[in-house]
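Notes for the one structure printed next.
All residue numbers refer to positions in the sequence shown, counting from 1. All values below come from the heavy atoms of this structure, side chains included, with hydrogens, waters and symmetry mates left out.
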Amino acid sequence: MPHTDLDLHARVREAVRRRADRLWGTALALHADPEYAFAEHRAAALLTGELAEAGFEVHRGVAGMPTAFTASAGRGRPAVALLLEYDALPGLGHACGHNLIAAAGLGAALAAREVLPADAGTVLAVGTPAEEGGGGKALEVEAGVFDGVDAALMFHPGVHDWTHAVLTAQEQYRAAFHGRAAHPTGDPTHGIDALAALVELFNVLSALGRRLPAASHVQGIVTVGGTATNIVPDLAEGLFGLRAATTAELDRLAEQLRTCAGGVATATGTTVTVERATVRYEHFRDSAVLSERFAAHLARAGIALTPPRPGVLLGSSDIGNVSARVPAVHPFVAVMDESGSDHTPEFAAAAASPRARSVLLSVTEALACTAVDVLLDAGLRRAAWERHEAAGAR
């Protein structure tokens with residue numbers, strides 16, 4: 001590969017092999033002790049401890065999040081970031097395999113640092129809390145954590161071997177209708193039913209859904225619907241999850257929600273407020289230049305990645321926010337068969353299986369080799385940035 005000493009790749013693989021048991025032990029320790037959004041204190045302590053022991057300069061509590069961290073080795077540009085996720089799912093533990101993501105990012109950062117010359121630039125390990133709900137990466141982007149980074153690398157365990165997947169943009173909105181309380185029998189004409197307005201918004205959104213693009217949808221729940229059947233509700237609230245293929249389409253969908261809610265309020269005599277309730281996850285922009293390089297490294301382990309199957313949507317992730325700023329990769333590598341699914345007890349078990357160990361080590365090698373290439377191959381960096389900027393993703 002141009003401008004990269006192929007011997008370094010062999011040294012990376014040896015560095016990962018030497019750490020194999022310790023990395024797998026880290027993955028199992030995280031798996032056995034799941035923690036949830038913004039409360040991953042033991043996970044963050046375990047990971048930062050490993051990085052500090054290896055000589056990385058560790059900063060905890062970054063971007064105002066107690067369980068977020070950065071750990072750097074080297075200095076200046078170029079710089080490559082390895083991303084570590086470590087939050088779990090309530091009731092399901094590591095049913096999304098974030099224990100493997102954390103161990104792979106850790107191992108890749110350690111191996112890359114070991115083999116790189118001192119003047120190669122910066123290896124940055126970034127601890128990213130609350131991917132499942134809270135958007136740690138999005139908050140880190142806004143805090144400038146990825147400023148001065150040339151590439152962001154991570155993988156995700158799954159049921160497919162794909163170079164990337166379509167990850168949609170998503171956010172949640174809270175719509176609150178305000179009416180006027182009254183007795184529904186004794187004084188029915190005085191009441192203005194806020195719950196009836198909210199129900200009507202659901203009906204309008206159902207009609208809207210029939211003409212939305214294929215990747216767009218609105219899913220809502222009632223969070224406040226009244227206190228008693230003999231009181232006309234003066235307050236009703238709904239929480240609405242919006243998804244769309246692109247961030248721009250998500251913005252348009254949010255505006256449609258506001259328009260629908262305002263029309264319903266006018267028709268029912270209520271007033272309404274519509275406010276965003278969560279951090280926005282932007283859609284993922286794959287860096288094909290870097291994904292191809294990662295796939296080539298992973299192929300040495302006998303894992304062949306293919307493009308994603310058209311029409312298959314796997315959800316959303318705050319890696320999208322990172323990918324809008326810097327070239328990024330987010331390949332999926334299977335730890336169970338395609339008949340399975342993440343966010344299930346079966347996937348949680350798969351994330352601690354012998355197959356998961358094999359995938360972890362192979363992916364760690366490929367991530368570390370790709371990181372080394374980013375730092376040592378100016379042509380690769382230039383090609384990745386040119387493609388990124390041509391796509392208008394910055």
Side-chain angles (χ1 to χ4, degrees), residues 22-54 56-72 81-110 124-143 145-146 152-158 167 170 172 278-279 281 315-322 330 335 342-345 347-352 356 360 363-364 367:
R22 191 158 183 172
L23 292 174
W24 181 236
T26 298
L28 291 180
L30 295 170
H31 190 276
D33 187 19
E35 298 172 289
Y36 311 115
F38 299 120
E40 314 96 326
H41 298 286
R42 294 181 298 278
L46 173 63
L47 297 165
T48 55
E50 293 283 336
L51 289 158
E53 182 180 331
F56 279 70
E57 181 180 347
V58 175
H59 296 276
R60 299 174 176 87
V62 303
M65 295 176 284
T67 57
F69 64 84
T70 61
S72 61
L82 284 308
L83 309 190
L84 288 67
E85 294 178 4
Y86 35 86
D87 62 317
L89 288 158
L92 287 175
H94 279 286
C96 212
H98 291 187
N99 61 311
L100 301 175
I101 297 173
L106 170 67
L110 295 176
L124 181 69
V126 182
T128 66
E131 187 278 333
E132 296 293 353
K137 294 184 198 64
L139 298 175
E140 289 172 336
V141 166
E142 294 306 314
V145 169
F146 295 95
L153 312 178
M154 65 172 292
F155 101 106
H156 203 294
L167 298 175
Q170 70 95 12
Q172 296 184 41
T278 60
V279 170
Y281 285 17
S316 307
S317 173
D318 52 3
I319 184 63
N321 300 57
V322 179
H330 189 273
V335 296
D342 61 357
H343 290 214
T344 64
F347 197 92
L360 168 64
V363 164
T364 300
L367 284 172

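Looking at heavy atoms from C-beta onward, H41 lies out of side-chain contact with P129 at the 4.5 angstrom threshold.
Under the side-chain contact (heavy atoms from CB on, under 4.5 Å) criterion, A88 pairs with P34, Y36, H94, sequence neighbours left out. Residues forming a side-chain hydrogen bond (donor to acceptor under 3.5 Å, both in side chains) with H59 (at least two apart in sequence, or on another chain): E57. Every residue two or more places apart in sequence or in another chain that forms a salt bridge (Lys or Arg N to Asp or Glu O under 4.0 Å) with E35 is listed here: R42. By the ring pair (Phe, Tyr, Trp, His ring centres under 6.0 Å) test, H98 pairs with H156, sequence neighbours left out. L89 meets the side-chain contact (heavy atoms from CB on, under 4.5 Å) test with L92, A95, C96, E132, H343; sequence neighbours excluded. Listed by chain and residue number, nothing satisfies the side-chain hydrogen bond (donor to acceptor under 3.5 Å, both in side chains) test with Q172 (two or more places apart in sequence, or in another chain). Under the ring pair (Phe, Tyr, Trp, His ring centres under 6.0 Å) criterion, F69 pairs with Y86, not counting sequence neighbours. Applying the side-chain hydrogen bond (donor to acceptor under 3.5 Å, both in side chains) rule to S317 yields the partners E131; only residues at least two apart in sequence or on another chain are considered. In this structure, the side-chain hydrogen bond (donor to acceptor under 3.5 Å, both in side chains) partners of T48, at least two apart in sequence or on a different chain, are R60. Residues that satisfy the side-chain contact (heavy atoms from CB on, under 4.5 Å) test with A125, not counting sequence neighbours, are L51, A71, L84, A109.
Residues A356 and V335 approach most closely at CA-CG1, 4.1 Å, considering heavy atoms. Listed here is the closest heavy atom pair of L47 and A102: CD1-CB, 4.0 Å. In terms of heavy atoms, V126 sits closest to A81 at CG2-CB, 4.1 Å. Pairing each heavy atom of S72 with each of L124, the nearest pair is CB-CD1, 3.9 Å. In plain terms, the two heavy atoms of P157 and L100 that are nearest each other are CB-CD1, 4.0 Å.
Among residues at least two apart or in separate chains, salt bridge (Lys or Arg N to Asp or Glu O under 4.0 Å) pairs with a member in residues 85-97 are E85-K137. Applying the salt bridge (Lys or Arg N to Asp or Glu O under 4.0 Å) test to residues at least two apart or on different chains, none of the pairs has a partner in residues 89-108.
At distances below 3.5 Å, at least one donor-acceptor pair connects side-chain atoms of D318 with backbone N or O atoms of G136.
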For side-chain contact (heavy atoms from CB on, under 4.5 Å), just list the numbers for L83 and F146, CA-CA rounded to whole Å, side-chain angles, deciding distance to a tenth of an Å, and then say yes or no.
CA-CA 11 Å; L83 309 190; F146 295 95; 3.6 Å; yes

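Here CG of L367 is found 10.5 Å from CD1 of I101. Values are rounded to the nearest 0.5 Å.
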